[in-house]
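Note that the structure is a prediction, hence the values are computed from the model and not measured. The chain is numbered in sequence order, starting from 1.
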Amino acid sequence: MKYRTLGKTGWQVSAVSMGCWGIGGQWGPVSEGDAIATVHAARDAGVNLFDTADSYGLGISEELVGKALRGKPDDIIVATKVGNWARRHDDPMRFKTVHSVTACCHASLYRLGMDCIDLYQCHIGSPERPEIFVEAFERLKEQGKIREYGISTNDIGGLKELNANGSCGSCQIAYSILAREAERNILPYCQEHDIGVLLRGPLAKGVLTGKFTSSSSFDDTVRSGWNEGNEHEVFVRNLATVEALRPLDREGRTLVDVALQFVLTHPAVTCPIPGMKSPEQARQNAGAADGELSVEDLALINSVCPPSK
């Protein structure tokens, strides 16, 4: 496993880290035993950053991360997020004061079974009152409840507002071969301001694994919309793009490796955080950190999915 510096935090984090949304159950059922075994397999493969959120399975992901990392060593970094609790159930919280943020933080600490959250992130990409989150995060830092804070967003305006005092440590950004819009402004901004970058969706919700066909169907709550209508049409178009990338799938390298190694070529990126639901997935994803794409590989990718302008 290779390690990279997470912006101004100075932390050394695994070049491929673990997204823990999948073990919250919203991408299909995962047993507690399998979830914990997946976290352990990732750890054994050198992964040291685990990203979750209070909204993932309404706290289930945080609870499982906490159980898997009980008594965690100092080199393990746990990141979680605040702002989307029950949003998928049409019952989102309203963050009108700092007390809403601090209450959520204490709830996350309880579920994780930890005294301090390493990285606490605003889960609302464009918060109505970003100053509430900044004030709450600064208080929580002073109290020793969190170490650093950031935001999950592809909105450059939302990031700038959360970084108004220059203390935003990280930004979690959607970025992949199939979604390169972040190259326009938010990734350069992070690089300029020494903000660490975590990448969600580097495998495009599984499309870039190359395992789906146009007849694939989905019963999880995240991708069920892909089964028909406009979302299905987009899904089928993306599958055609993946087929154009198929020549990159060769002996000793999978399309998963290609997708993760591609995002790691951007100089602003610290680490992708692909979802993992089994020890096998954890080992495969972590192994991608050890390879690199050639100039010819990148040329093919750019011809199929041109850089964002």
Side-chain angles (χ1 to χ4, degrees), residues 1-4 13-22 27 38 41-42 45-47 49 51 154 172-184 186-187 190-191 197-214 216 218 222-223 226 234-309:
M1 177 60 69
K2 298 175 183 177
Y3 295 85
R4 296 181 167 200
V13 303
S14 46
V16 173
S17 293
M18 179 173 172
C20 299
W21 189 5
W27 294 76
T38 301
V47 171
L49 186 149
D51 178 83
N154 273 60
Q172 190 169 142
I173 296 169
Y175 180 57
S176 72
I177 291 175
L178 296 177
R180 301 181 63 171
E181 295 84 359
E183 294 171 354
R184 292 185 195 142
I186 197 164
L187 283 170
C190 288
Q191 187 174 9
V197 173
L198 312 180
L199 294 182
R200 49 190 165 87
L203 302 179
K205 297 181 178 178
V207 175
L208 284 167
T209 65
K211 65 183 181 182
F212 298 140
T213 69
S214 58
S216 297
F218 303 89
V222 180
R223 297 173 293 191
W226 293 5
V234 173
F235 170 60
V236 171
R237 286 199 298 271
N238 285 336
L239 290 179
T241 301
V242 172
E243 284 307 307
L245 298 170
R246 191 71 70 175
L248 297 171
D249 185 358
R250 60 188 63 154
E251 183 69 27
R253 185 177 71 184
T254 66
L255 285 178
V256 170
D257 295 327
V258 171
L260 296 177
Q261 289 164 11
F262 168 77
V263 296
L264 283 167
T265 63
H266 196 288
V269 169
T270 307
C271 63
I273 49 171
M276 309 177 191
K277 291 173 57 181
S278 70
E280 181 182 8
Q281 285 184 350
R283 288 187 284 268
Q284 179 184 28
N285 290 343
D290 295 328
E292 294 181 356
L293 298 178
S294 68
V295 172
E296 293 76 17
D297 295 333
L298 290 171
L300 174 57
I301 293 171
N302 288 333
S303 69
V304 174
C305 299
S308 189
K309 296 180 180 179

Provide the closest heavy-atom pair for Leu203 versus Ala259 in the form atom of the first, atom of the second, distance. CD2-CB, 3.7 Å
Atom of Pro307, atom of Glu183 and distance for their closest heavy-atom approach: CA-OE1, 3.6 Å
Just by distance, no angles: are the side chains of Asp51 and Gln172 close enough, under 3.5 Å, to form a donor-acceptor pair? yes
To the nearest 0.5 Å, how far apart are CG in Asn285 and CG in Leu260? 5.5 Å
For the NZ atom of Lys205 and the CZ atom of Phe235, what is their distance to the nearest 0.5 Å? 12.0 Å
How many angstroms lie between atom OG1 of Thr38 and atom NZ of Lys277, to the nearest 0.5 angstrom? 9.5 Å
Between Asp297 and Ser294, is there a side-chain donor-acceptor contact under 3.5 Å, judged purely by atom types and distance? yes
Hey, mind stepping through Val13 and Leu198 against side chain to side chain contact (heavy atoms under 4.5 Å, CB included) and telling me if it holds? CA-CA 10 Å; Val13 303; Leu198 312 180; 5.6 Å; no
Which heavy atom of Val236 sits nearest a heavy atom of Ser214, and at what distance? CG2-CB, 4.2 Å
Give the intermediate values and the outcome of side chain to side chain contact (heavy atoms under 4.5 Å, CB included) for residues Leu293 and Leu248. CA-CA 9 Å; Leu293 298 178; Leu248 297 171; 6.0 Å; no
Please examine the side chains of Leu245 and Leu208, heavy atoms only from C-beta on, and report whether any two atoms are closer than 4.5 Å. yes
Atom pair CG (Asp249) and OG1 (Thr209), whose distance is rounded to the nearest 0.5 Å: 10.5 Å
Where is the tightest heavy-atom contact between Arg180 and Ser176, given as atom of each residue plus distance? CG-O, 3.3 Å
Reported CH2-to-CD1 distance for the pair Trp21 and Ile273, which is rounded to 0.5 angstrom: 11.0 Å
When rounded to the nearest 0.5 angstrom, what is the spacing between NZ in Lys2 and CG in Leu264? 8.5 Å
Gly46 to Met1 - nearest heavy-atom pair and separation: O-CG, 3.6 Å
Under the criterion side chain to side chain contact (heavy atoms under 4.5 Å, CB included), I'd like the reasoning laid out for Thr241 against Ile177: C-alpha separation, chi angles, the key distance, then a yes or no. CA-CA 10 Å; Thr241 301; Ile177 291 175; 5.7 Å; no
Closest non-hydrogen atoms of Met276 and Ala282, given as atom of the first, atom of the second and distance, are SD-CA, 3.5 Å
